[in-house]
> 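Please read through the structure below; I'll follow up with questions.
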2 protein chains.
Amino acid sequence: MRYEQLADLPCSITRPLVVLGDRWTLLILKEAFAGVRRFNAFQSNLGIPRSRLQDRLGRLVEHGILVRQQAADGDHAEYRLSRKGHDLYPILMAIKDWGDTYMAPDGPPVHYRHRECTGEARVTLACDCCGEPMTAHDVLPEAGPGLLAQVDAQG
Amino acid sequence: MRYEQLADLPCSITRPLVVLGDRWTLLILKEAFAGVRRFNAFQSNLGIPRSRLQDRLGRLVEHGILVRQQAADGDHAEYRLSRKGHDLYPILMAIKDWGDTYMAPDGPPVHYRHRECTGEARVTLACDCCGEPMTAHDVLPEAGPGLLAQVDAQG
DNA sequence: AGCGTCGGTCTCGAAAAGAGACCATCTCCG
DNA sequence: CGGAGATGGTCTCTTTTCGAGACCGACGCT
């Protein structure tokens with residue numbers, strides 16, 4: 001019950017990590033982006049224990065990242081990415097870029113290609129004003145409204 | 001000992017996650033990017049148990065993500081980001097973007113500003129060939145050299 | 001009726017996490 | 001010299017989480 005309280009901190013990195021930061025959650029989402037929708041498919045693709053998978057899917061549904069519904073044609077359950085879940089894609093692609101660079105000695109196992117050309121999907125960090133690419137060195141953190149709101153609330 | 005074997009899979013998302021995917025690792029790295037270098041600072045900023053922190057720092061050093069060294073001036077130990085660690089920044093920023101969007105009802109707690117202008121750091125997924133912005137829908141996975149190498153090796 | 005598939009649950013032993021005390025080393029300062 | 005206070009690091013003990021696999025009820029098919 002201590003760790004979960006990190007979610008109260010006014011930090012947009014910490015808060016998502018309390019939900020996403022564990023052994024399986026991001027792997028489950030990776031499968032979801034690969035088109036997997038069924039309980040048994042997640043389970044056998046990842047080798048995750050069933051009870052664990054049940055927990056994680058439930059948590060993702062609670063957070064509105066996945067939506068559970070009965071499949072139209074048949075009868076079975078389906079877990080699909082919501083908009084909110086869909087927007088997690090850049091996180092996985094950023095991980096992919098790093099993995100391709102540092103953990104793929106034989107080259108990328110998978111190319112994530114642009115459907116309409118031969119290029120590949122690549123994540124970049126840039127300034128939303130001038131468009132310049134950025135690294136950690138170019139960043140200057142500064143208090144924002146979410147922080148001030150929290151300070152105000154606490155008196 | 002089963003879960004770790006996921007690192008053998010030819011997938012550039014899975015492999016990093018076996019290292020980074022747990023409660024604390026990415027939070028530790030977030031602190032490192034915020035300039036934290038000392039054991040006690042990580043410990044008290046995050047509230048992580050000391051033994052856990054010891055484990056995680058050790059693992060990050062093993063993987064060459066952090067470098068442990070004696071501080072020049074004093075005597076104490078320092079944990080600093082290597083180049084490899086530094087390159088994890090886009091992952092944290094991608095998480096930040098998502099957190100700002102979905103878990104910051106009062107607005108971003110922190111602005112990550114471009115030092116040289118008023119803009120903010122933002123992660124984008126784009127095609128490295130035509131430069132078009134991309135989403136999951138625009139991506140077509142395709143086998144790459146790392147996958148073929150693994151298939152070859154297994155006969 | 002019998003079998004297979006489906007999502008989902010239960011149990012139990014093993015692994016990991018949390019807390020907090022404890023340590024050796026070193027520095028500072030009287 | 002003799003404490004105090006940092007510092008990074010270790011040890012122990014309890015609680016929580018995880019993993020493996022059996023089990024279950026609903027449904028479909030033949």
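A note on names: the letters A, B, ... follow the listed sequences, proteins ahead of strands, and every chain is numbered from 1. Small disclaimer: the values here were computed from a predicted structure and weren't measured.
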> Do A/L88 and A/L81 have side chains that get closer than 4.5 Å, going by heavy atoms?
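Side-chain contact under 4.5 Å: no.
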> For DNA chain D, find the residues of residues 15-47 of chain A with a heavy-atom distance under 4.0 Å and give them by number; none if there aren't any.
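Contacting residues: A/R23, A/W24.
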> Expressed in angstrom and rounded to an integer, what is the separation of A/Q54 atom CD from C/dT11 atom P?
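A/Q54 atom CD is separated from C/dT11 atom P by 16 Å.
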> Which listed nucleotide (D/dG19, C/dA19, C/dG8) is nearest to the side chain of A/P49?
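That would be D/dG19.
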> Provide the closest heavy-atom pair for A/R113 versus A/T118 in the form atom of the first, atom of the second, distance.
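Smallest interatomic distance, heavy atoms only, reads NH1-O, 2.8 Å.
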> So, A/F33 versus A/Y89, ring centres under 6.0 angstrom or not?
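Ring centres of A/Y89 and A/F33 closer than 6.0 Å.
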> Heavy atoms from C-beta onward define the side chain here; which of D/dC11, C/dA16, C/dG7 lies closest to that of B/R56?
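It is C/dA16.
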> Tabulate protein N/O versus nucleotide N/O from nucleotides 26-30 of chain D, keeping only pairs under 3.5 Å, one per line.
none

> Which one of A/L60, A/D55, A/L57 satisfies the side chain to side chain contact (heavy atoms under 4.5 Å, CB included) criterion with A/T25?
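Looking at A/L60, A/D55, A/L57, the match for A/T25 under the side chain to side chain contact (heavy atoms under 4.5 Å, CB included) is A/L60.
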> For B/R83, does the CZ atom sit with more than 12 other heavy atoms under 6.0 Å from it, leaving out its own atoms?
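12 or below, so no.
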> Take the protein atom CZ of B/R68 and the nucleotide atom P of D/dT7, then report the distance between them rounded to whole Å.
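Answer to the nearest Å: 15 Å.
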> Side chain of B/Y79 only, please: which of C/dT9, D/dC11, D/dG8 is the nearest?
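Selected nucleotide: D/dG8.
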> Among D/dC18, D/dG8, C/dG20, which nucleotide has an atom closest to any side-chain atom of A/R52?
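Nucleotide nearest to A/R52's side chain: D/dC18.
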